[in-house]
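Contents: one structure, followed by commentary.
If you read the sequence from its start, that first residue is 1, and numbering goes on from there. Read the numbers this way: they start at 1 and go in the same order the structure lists the ligands and their atoms.
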Amino acid sequence: MLKKKARYNVAVVGATGAVGEEMRETLEQRDFPVDCLRLLASERSEGKTLEFRGREYKVERLTPNSFQGIDIALFSAGGGRSLEFAPHAVAAGAVVVDNSSAFRMDPKVPLVVPEVNAHALRHHNGIIANPNCSTIQMVVPLKPIHDHARIRRIVVSTYQSVSGTGQKAMDELFKQSGQVLNMVQVRPEVYPHQIAFNCLPQIDVFDTDDYTKEELKMVNETRKIMEDPDIRVTATTVRVPVFRCHSESVNIELERPLSANEARALMSAMDGVVVLDDPKRGLYPLATEVAGSDAVYVGRVRVDRTVENGLNMWIVADNLRKGAALNAVQIAERLIQDLG
Ligand code: NAP
Ligand code: 3JN
């Protein structure tokens, strides 16, 4: 069980990955009270050195014994590793914040976006789940609208960057872009089709009713975080040739009418949201501008007159920050803050 201390021993599982790298940077930037830091990855990375606060740390191989003396373990090494090693971390006395989908829909595991449902952290059994990146950035601005005018239905289409698939996918987009421009034959390795200069309407594998797992995550996780099983959600998730930041076109239907200005005011007052919406000056959120930012950006807010009480908006956030590492570190910050 986590006990109040001045500084905490922290493990980052998957420290060499795209999310793990961001995790280290976020802990450093937010001055998280880290005492000892343990960086864990596969045997491929054993002995590699990574920097934290100007000091070099050796990457260790993840084993069941990796968690002795650890207070907080931040997992981002895939669901298989979470299922296998999170119980060892908990048994060693650590609290786990898990970035994978392994535990998200377990009713005993809180699924938390601190601005939306931090109260869910009060009851846990040692594991807290971090939601999917596309879900996180959607629920932050929608929460105050739901509280004010009750959302009945959400139709979301995503434009997800390749960093959501990890480091190898970023390398693939870089390589393929050069190949296409130089008229060299492209051979997809990470994605099922060419990603450069293309849009792939498939993220993760296909599942029930021909929806992808990513789409079903958005449906189920949104309801759990908003604590409202009646919200109807339908999603189309698309991979686009962008390195960083996920963008979303979101259409909502509300129980009560809400003007675009009222929606902007509600979202502006929400922690972690920036409304950037000035069509006359061509101002709206862009992946290239939002990359590296902590906030969720919203623009293109407008009434949808084709349905009763409808609104459209465009939401952009850095998937590696708020969509993954930052949200996980914010959960850890809340956990230690709640210790008094
Ligand atoms: P990545 O760049 O491919 O990194 C994977 C990390 O996992 C690396 O550090 C890798 O270590 C480590 N790893 C792989 N197999 C391992 C093993 N057998 N034992 C120990 N470590 C192992 O992927 P990423 O983008 O960082 O994503 C990692 C995971 O985070 C994903 O699988 C997903 O579950 C989660 N994620 C969540 C979100 C979200 O929406 N919240 C977004 C992206 C990712 P080596 O370098 O040694 O191979
Ligand atoms: O594709 C994206 O943009 C986000 C990817 C998330 C992801 C990638 C591999 C495995 C997840 C996730 O967080 O849902 C998982 C997983 O743990 O299922």
Closest approach of any protein heavy atom to atom 29 (C) of ligand 1, naming residue and atom: Gly78 N, 3.6 Å
Qualifying residues under side-chain contact (heavy atoms from CB on, under 4.5 Å), relative to Ala77, sequence neighbours excluded: Val13, Arg81
Taking non-hydrogen atoms within less than 4.0 Å of ligand 2, which protein residues qualify? Asn99, Ser100, Ser101, Arg104, Asn132, Cys133, Gln160, Gly164, Ile203, Glu214, Lys217, Arg239, His246
Under 3.5 Å, is there a donor-acceptor pair between the Thr165 and Arg239 side chains? yes
Point-to-point distance, once rounded to the nearest 0.5 Å, from CD of Glu25 to CG of Leu320: 10.0 Å
Could you work out, for atom 6 (C) of ligand 1, the closest of Ala41, Ser76, Gly80, Gly20 by heavy-atom distance? Ser76
Under 3.5 Å, is there a donor-acceptor pair linking the side chains of Asp98 and Ser100? yes
Ring pair (Phe, Tyr, Trp, His ring centres under 6.0 Å): pairs with one or both residues in residues 107-153, sequence neighbours excluded: none
For ligand 1, is there an atom lying under 4.0 Å from some heavy atom of Ala328? no
In this structure, are over 12 heavy atoms from other groups packed under 6.0 Å from Arg305 atom CZ? no
Could you pull out, from Gly166, Ala15, Ser101, Ser42, the option with a heavy atom nearest to atom 25 (O) of ligand 1? Gly166
Could you check which of Val59, Leu39, Val19 puts a non-hydrogen atom nearest to atom 26 (O) of ligand 1? Val19
For atom 18 (N) of ligand 1, tell me which residue out of Glu60, Glu21, Arg81 has the closest non-hydrogen atom. Arg81
Decide if atom NZ of Lys168 counts as having more than 12 heavy atoms of other residues, nucleotides or ligands within a radius under 6.0 Å. no
As an exercise, identify every atom of ligand 1 less than 4.0 angstrom from a heavy atom of Gly323. 39 (C), 40 (O), 41 (N)
Got a sec: does the CZ of Phe32 have more than 12 other heavy atoms crowding it under 6.0 Å? yes
Of all the non-hydrogen atoms in the protein, which one sits nearest to atom 48 (O) of ligand 1, and at what distance? Arg44 NH2, 2.9 Å
For ligand 1, does Ser134 get within less than 4.0 Å through its side chain, its backbone, both, or neither, judged by non-hydrogen atoms? neither
Atom 10 (C) of ligand 1 - nearest protein heavy atom and its distance: Thr16 OG1, 3.8 Å
Test item: Arg55 side-chain N/O and Arg53 main-chain N/O as donor-acceptor pair under 3.5 Å: no
With a 3.5 Å cut-off and no angle check, do the side chains of Glu214 and Gln160 form a donor-acceptor pair? yes
Identify, by atom number and element, the atoms of ligand 1 in contact range of Cys133, meaning under 4.0 Å from any of its heavy atoms. 39 (C), 40 (O), 41 (N)
Please state which option from Ala18, Ala77, Ala324, Ser45 has its nearest heavy atom closest to atom 12 (C) of ligand 1. Ala77
Closest protein heavy atom to atom 35 (C) of ligand 1, given as residue, atom name and distance to 0.1 Å: Asn99 O, 3.7 Å
Suppose the criterion is ring pair (Phe, Tyr, Trp, His ring centres under 6.0 Å): which pairs have a residue in residues 291-321, not counting sequence neighbours? Tyr159-Trp314
What do you reckon, is CG of Asn261 surrounded by more than 12 foreign heavy atoms closer than 6.0 Å? yes
Among all the protein's non-hydrogen atoms, which is closest to atom 5 (C) of ligand 1, and how far away is it? Gly17 CA, 4.2 Å
Rounded distance (nearest 0.5 Å) linking atom CZ of Arg256 with atom CZ of Arg152: 9.0 Å
